[in-house]
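Report on one structure; see the data block that follows.
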Amino acid sequence: MKKWMIIPVLIGFFFVIHIFYMGYANENILNNLVNNKNSNYKIINLNFKKGFLRSEANFTIKDSVGLNFTTEVNVVFNNNYFSKYIAQGDLSNPFYFLDQHLKNKKLASFILTSKQKDFNLRLQFQDINLSNEGGDTLLKNASISILIDKNMQVKNIYFNIDKAQFTQFYSKLSMQDFNYKQHFNHPIPLNDLLQPKEGVEELQFHSFVFNNNKIASFYSKNTFHFQDKNKLKIHFQGKACDIVLDMNSKLYQNLNFDKVDFDIIWNEIAKHSYNKFDLDSLIKEGLKLDIINLTFYKDKQNIDINGNIILGKNNKANIQISSTEEPDKIFTWGQFFGGLNQYFIKNSDLFIMNLFYDSLSNPQLKINGNQFSYIDLN
């Protein structure tokens, strides 16, 4: 009987040991997060209070690039391995104009859970419904999930918004069911999260509206690959459905497509320019697009485009456009500019245009081997 009495003692002993171990592990998680150096922000005013069943921490995240972005983070760590979560907490609102519209002035809550050998960090943002004399802002059910390994390196990201809407005077942008996924080929440090890395991202949304431009649905799968340490290659593949483009100022009518399929490679991208989202620098360094396939579907007809475009010190383009129907029947707006059929050659059941442009050549632009006569579309 006495031998059996030692079992609850051992259980209690191992429970206490596991509590202390989890307390140490949680403190280590916090230290790894804090010690991830990033030139864009810094962590200050760190306070950590270690407890038996729970530990608490709070700190301030402050940007280092002059944006005056500051948020307070409060965290409660659960030192019990069998709990549903490892840590949970909230982030204060860094945007003063939202204070009166957010409960307790909190921008988001978060929870850290264990997922097999990894950790999952999920942030749930408060809904925003803001109206003023300038416009409206609506954000509904926005969340971010980040899968992190034991070394606090990111393996993948998932970002979701059920509905977003922004109006400012005469401009309007709205979108529903926005989903963004990114999977990295190799786990990356948190401080490199905004830098391009090899992997695959997926982008999807429904009911996109920008002023008078509309897209019913969109999906893109983009593959990132480094050709060397300074050159990036992105392969875009996807489709869009029910597209309306406002071209009244140019074509006196909207441009409509039932569907668009695309398969395009953006090649030899200068990494340092891409990091800064500097379009002028990207073009100056050289911008190369390989159009493997770009197909527009309209009224049960399709227009196929393939070729390549180079923008830089010497701008070049070598494009072939083929149509299953006379272009003037598909694009009725062509009549305002003398018709589009004159620029296509009929070959079997297709109407084909071969377009060649070289900024250093004379003539610079040729269509079907002939010099192009300039048309003023203004």
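Count residues from 1 along the sequence.
- Between the side chains of N222 and E201, at least one donor N or O sits under 3.5 Å from an acceptor N or O.
- Of the residues listed (Y180, F178, F125), the one engaging F159 in a ring-ring contact (aromatic ring centres under 6.0 Å, His included) is F178, and it is the only one.
- Neither F205 nor Y158 shares a network with the other; the hydrophobic side chains, linked directly or stepwise wherever heavy atoms of I, L, V, M, F, W or Y lie under 4.5 Å apart, form separate groups for each.
- Cluster annotation: F224 is connected to L289 through the hydrophobic network of ILVMFWY side chains, with a link wherever side-chain heavy atoms come within less than 4.5 Å.
- Heavy atoms from other residues, nucleotides or ligands lying under 6.0 Å from CG of D349 number 12 at most.
- For E198 (side chain) and H225 (main-chain N/O), no donor-acceptor pair under 3.5 Å exists by modelled atom type.
- Counting non-hydrogen atoms of neighbouring residues, nucleotides and ligands closer than 6.0 angstrom, the NZ atom of K298 exceeds 12 such neighbours.
- Side-chain atoms of D304 and N302 include a donor-acceptor pair closer than 3.5 Å.
- Checking side-chain atoms of D290 against main-chain N and O of K288 turns up no donor-acceptor pair under 3.5 Å.
- Partners of K233 under the side chain to side chain contact (heavy atoms under 4.5 Å, CB included) rule, at least two apart in sequence or in another chain, are Q227, I265, N267.
- For D358, the side chain to side chain contact (heavy atoms under 4.5 Å, CB included) criterion is met by N314, K316, F356, L360, S361, not counting sequence neighbours.
- Counting only distance, with no hydrogens or angles, the side chain of N211 and the backbone of K172 share a donor-acceptor pair below 3.5 Å.
- Hydrophobic clustering places L123 together with I157 (ILVMFWY residues linked when any side-chain heavy atoms are closer than 4.5 Å, directly or through intermediates).
- Within 6.0 Å of the NZ atom in K106, the count of heavy atoms belonging to other residues, nucleotides or ligands exceeds 12.
- Among N58, N45, T60, the one residue that satisfies the side chain to side chain donor-acceptor pair (under 3.5 Å) test with E72 is T60.
- Partners of D162 according to the salt bridge (charged side-chain N to carboxylate O under 4.0 Å, His left out) rule, which considers only residues two or more places apart in sequence or in another chain, do not exist here.
- Using modelled atom types and a 3.5 Å distance limit, the side chains of N213 and D246 yield no donor-acceptor pair.
- The backbone N or O of I303 sits nowhere less than 3.5 Å from a side-chain atom of S323 that would complete a donor-acceptor pair.
- Using a distance-only test at 3.5 Å, with no hydrogens or angles considered, no donor-acceptor pair links the side chain of N141 to the main chain of D127.
- Inspection of the T324 and Q301 side chains reveals an N or O donor paired with an N or O acceptor under 3.5 Å.
- Hydrophobic clustering of Ile, Leu, Val, Met, Phe, Trp and Tyr side chains at less than 4.5 Å, counting indirect connections, unites F257 with M247.
- At distances below 3.5 Å, at least one donor-acceptor pair connects side-chain atoms of N368 with backbone N or O atoms of N354.
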